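Being a predicted model, the structure only gives us computed values, none of them experimental.
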Amino acid sequence: MTESIGELLPGMRRMGLNRRTTVAQLDLTYGAGYSESTGDVHAFPMTGMPARNAYQIIHDSLKFDGDPSLNCATFLTTWMEPEAEKLIVENLGKNRVDIDEYEATERIHQRCLAHLHDLWNGKHGQAATGTVVVGSSEGIMLGGLAMKWRWRQRMQAQGKDTSRPNIVFGANAQVALEKTARYFDMEGRLVPVSDASHYVLDVEKAIDMIDENTVGMFVILGSTYTGHFEDVAGMSAALDRLHRDRGWDIPIHVDGACGAMVAPFAFPELAWDFRVPRVASISTSGHKFGLTYPGIGWVVWRSPECQPSELTFELSYLGGVEKTFTLNFSHPACFLIAQYYQFIRFGRPGYTRMVNACMYHARLLSVALEATGAFECVSDIHRPRGHFGFTEATRLAASKLFAESAVSHKSGADPSVNDAYNFGQPEVAFRFSDWFIQRHPTASQDVVSTLLRVRGWIIPNYPLPPDRGSIRILRVVIRETSSEDMVNRLVRDIMWATQTMLESEVKSLGEVLLRPLPPTVSTSDLARDVAASHLESMDNTRRSSHWEGLLDKIGELKTATASVIDKEAQKLVYQRSC
């Protein structure tokens, strides 16, 4: 807010609505008559105010933020136990880098590194080489920087040119990978994605982009777009062949922002970590499935040799000798301590229960959405292992597999519940089905995303990576705060938003929203009921009646007004309504 009401409407000055009353003249309990508009918010404040008033102003302005618990777009942790929050508050003033002053904190730092080194199958008996960072983005940059330095040392030893380094990764990469290439003066070579590669790195296409100036590969364990894991072992095997044929020794950094804290618990048999010889380093976000508030991340190297000593600095001006190889110097210790709390609080069984619960809820949502007939999933975590992409056959196979596994009596700490499913993280990427688009050619996922905001949900609608950017997807990340009740309500609200969008094809969107929100009804077992309602193959006629039957089943929706026969007229009405 840059201007006061009086500045916007000068006549208000005569009414006394633009007075600059000082804090000393006010003694109001709530906000003391102050607001952000009482001064120039672009200039440093000329006066202060009582603590309670400063708090109230900021507290009230933050009410315009969305509810973090309903933000389905974020991977970040939005809840921690009171004991963990107490530790955070108690240690807010500590700087982790000052190890001479905070020796106990440094011991916790080293224990966390050791835990991750063990979790990622590092060499038994070898001390962990790594560091805590602000987030996985910093970890990615450090991993990429280390690979560049090792490449340069090899090239210099051979008397070769080092002026044109490049690094290879999929076009589905998160922006931190592109930043690493640009900030550290490397050519970023993006491997196109495709339907066949499941919208992630295509190993054979990646091999074609490598030359002797390639410093390394970024391989992503958990694509932001669709949740798929890239094939770390397959990429390593292809690089082995390239090494034998051309002599190029290319290391891998695994971007495990999410997947590095999912795969060890959901898919312990999957070789993606230090069991794969070419994996030189791994980064992860502690503030995602590590269950810690932002910002904290980790990077761990296979061995000390993988982390060039030239990147380590020794400092003594804090009282002791500190070795540092982070991009950020000062770093809050409180989130590091909170991470250690989570590790010892939950252990392997607790993390496995958490991940399994997230996977279950993500699969339930996936199967229910596809059972409506209106949606198809681009993510594949709910499909039988080895089956990818949406077809009527894969939909039926996924529905039947989920129905069988949902009644399993295995422990929540047993990762074998995931053995029959595809690898991936608990993320649901979905779009309108081809049948639905054919029936409603003007349907808009953007409108559905916007309408879901009415119910508090934050669900983005965005394009897939380049080369498949014509496909737009809605994405829901299932986190540790998820529940079956949340999935039930989300299924109901997605159907409500979709039906409201359909009604706006023959009315203005404003007219549709004039009718009050339908009353909240019980959503118990709704997602399971929807999932079980479509266990047989259906033709288009049956899909139409099935969709309308589901709307009646929910009991809070009305079927759409009859479709306009003239598609061009329908399109015109829809465009005007939006």
Side-chain angles (χ1 to χ4, degrees), residues 96 99 102-133 136 139-140 142-143 145-147 149-150 153 216 219 221 232-233 235-237 239-240 243 249-256 259-286 289-290 292 296-314 320-326 336-337 339-352 355 413 415:
R96 185 212 67 81
I99 62 173
Y102 305 122
E103 181 184 352
T105 298
E106 178 57 20
R107 283 200 301 271
I108 287 177
H109 177 220
Q110 294 301 323
R111 288 173 185 172
C112 287
L113 289 171
H115 293 343
L116 291 170
H117 183 262
D118 175 66
L119 184 67
W120 297 336
N121 291 289
K123 185 178 180 180
H124 183 68
Q126 176 182 281
T129 300
T131 184
V132 64
V133 286
S136 59
I140 290 164
L142 291 172
L145 191 59
M147 291 193 296
W149 277 65
R150 292 180 67 209
Q153 291 169 347
V219 183
L221 198 76
V232 181
M235 190 71 248
S236 179
L239 291 172
D240 286 343
H243 188 208
D249 191 8
I250 311 297
I252 293 173
H253 173 86
V254 176
D255 169 17
M261 292 304 293
V262 170
F265 308 110
F267 311 105
E269 81 285 3
L270 177 64
W272 63 273
D273 47 20
F274 292 128
R275 287 172 289 183
V276 179
R278 289 198 172 273
V279 173
S281 50
I282 302 170
S283 57
T284 195
S285 291
F289 289 96
T292 305
I296 182 172
W298 300 92
V299 58
V300 178
W301 280 270
R302 170 181 291 278
S303 64
E305 294 75 24
C306 293
Q307 201 278 311
S309 59
E310 293 87 349
L311 295 178
T312 302
F313 291 83
E314 289 191 0
V321 177
E322 159 68 357
K323 291 185 177 181
T324 177
F325 45 91
T326 57
L336 159 66
I337 293 166
Q339 180 75 90
Y340 185 58
Y341 170 88
Q342 298 291 57
F343 283 172
I344 66 173
R345 165 72 174 89
F346 295 109
R348 284 183 187 261
Y351 270 91
T352 303
V355 170

Could you tell me the separation between the [atom1] atom of [X] and the [atom2] atom of [Y], rounded to the nearest 0.5 Å?
{"X": "His115", "Y": "Ile108", "atom1": "NE2", "atom2": "CD1", "value": "10.0 Å"}
{"X": "Ile337", "Y": "Tyr102", "atom1": "CD1", "atom2": "OH", "value": "10.0 Å"}
{"X": "Leu116", "Y": "Phe274", "atom1": "CG", "atom2": "CZ", "value": "9.5 Å"}
{"X": "Leu311", "Y": "Leu145", "atom1": "CG", "atom2": "CG", "value": "5.0 Å"}
{"X": "Met261", "Y": "Trp120", "atom1": "CE", "atom2": "CH2", "value": "7.0 Å"}

Does the [X] side chain pair with the main chain of [Y], one donor and one acceptor, at a distance under 3.5 Å?
{"X": "Arg302", "Y": "Lys123", "answer": "no"}
{"X": "Gln342", "Y": "Thr292", "answer": "no"}
{"X": "Ser281", "Y": "His253", "answer": "no"}

Do the side chains of [Y] and [X] get nearer than 4.5 Å, heavy atoms only?
{"X": "Asn121", "Y": "Trp272", "result": "no"}
{"X": "Val254", "Y": "Asp273", "result": "no"}
{"X": "Arg345", "Y": "Phe343", "result": "no"}
{"X": "Ser236", "Y": "Val279", "result": "no"}
{"X": "Arg348", "Y": "Leu119", "result": "yes"}

So which atom in [X] and which in [Y] form the shortest heavy-atom distance, rounded to 0.1 Å?
{"X": "His117", "Y": "Ala128", "result": "CB-CB, 3.7 Å"}
{"X": "Ala260", "Y": "Ile282", "result": "CB-CG2, 4.3 Å"}
{"X": "Met235", "Y": "Val219", "result": "CG-CG2, 4.0 Å"}
{"X": "Gly286", "Y": "Gln339", "result": "CA-OE1, 3.1 Å"}
{"X": "Thr284", "Y": "Gly256", "result": "OG1-O, 2.8 Å"}
{"X": "Arg150", "Y": "Ala280", "result": "NH1-CB, 4.1 Å"}

- [ ] Dump the intermediate steps for side-chain contact (heavy atoms from CB on, under 4.5 Å) on Asp255 and Ser283, then the final yes or no.
- [x] CA-CA 5 Å; Asp255 169 17; Ser283 57; 4.3 Å; yes
Open item on the list: If you apply the rule side-chain contact (heavy atoms from CB on, under 4.5 Å), what do you find for Thr131 with Leu142, and how did you get there?
Closed with: CA-CA 10 Å; Thr131 184; Leu142 291 172; 4.3 Å; yes
TODO: Please state whether the rings of Phe325 and Trp301 are parallel, tilted or perpendicular, taking 30° and 60° as the class boundaries.
DONE: perpendicular
TODO: If the plane angle is over 60° it's perpendicular, under 30° parallel, otherwise tilted; pick one for Phe265 and Tyr351.
DONE: parallel
TODO: Please name all residues satisfying salt bridge (charged side-chain N to carboxylate O under 4.0 Å, His left out) with Arg278, sequence neighbours left out, ordered by chain then number.
DONE: Asp240, Asp249
Open item on the list: Working note: Cys112 + Leu336, criterion side-chain contact (heavy atoms from CB on, under 4.5 Å); need CA distance, chi angles, decisive distance, verdict.
Closed with: CA-CA 8 Å; Cys112 287; Leu336 159 66; 4.2 Å; yes
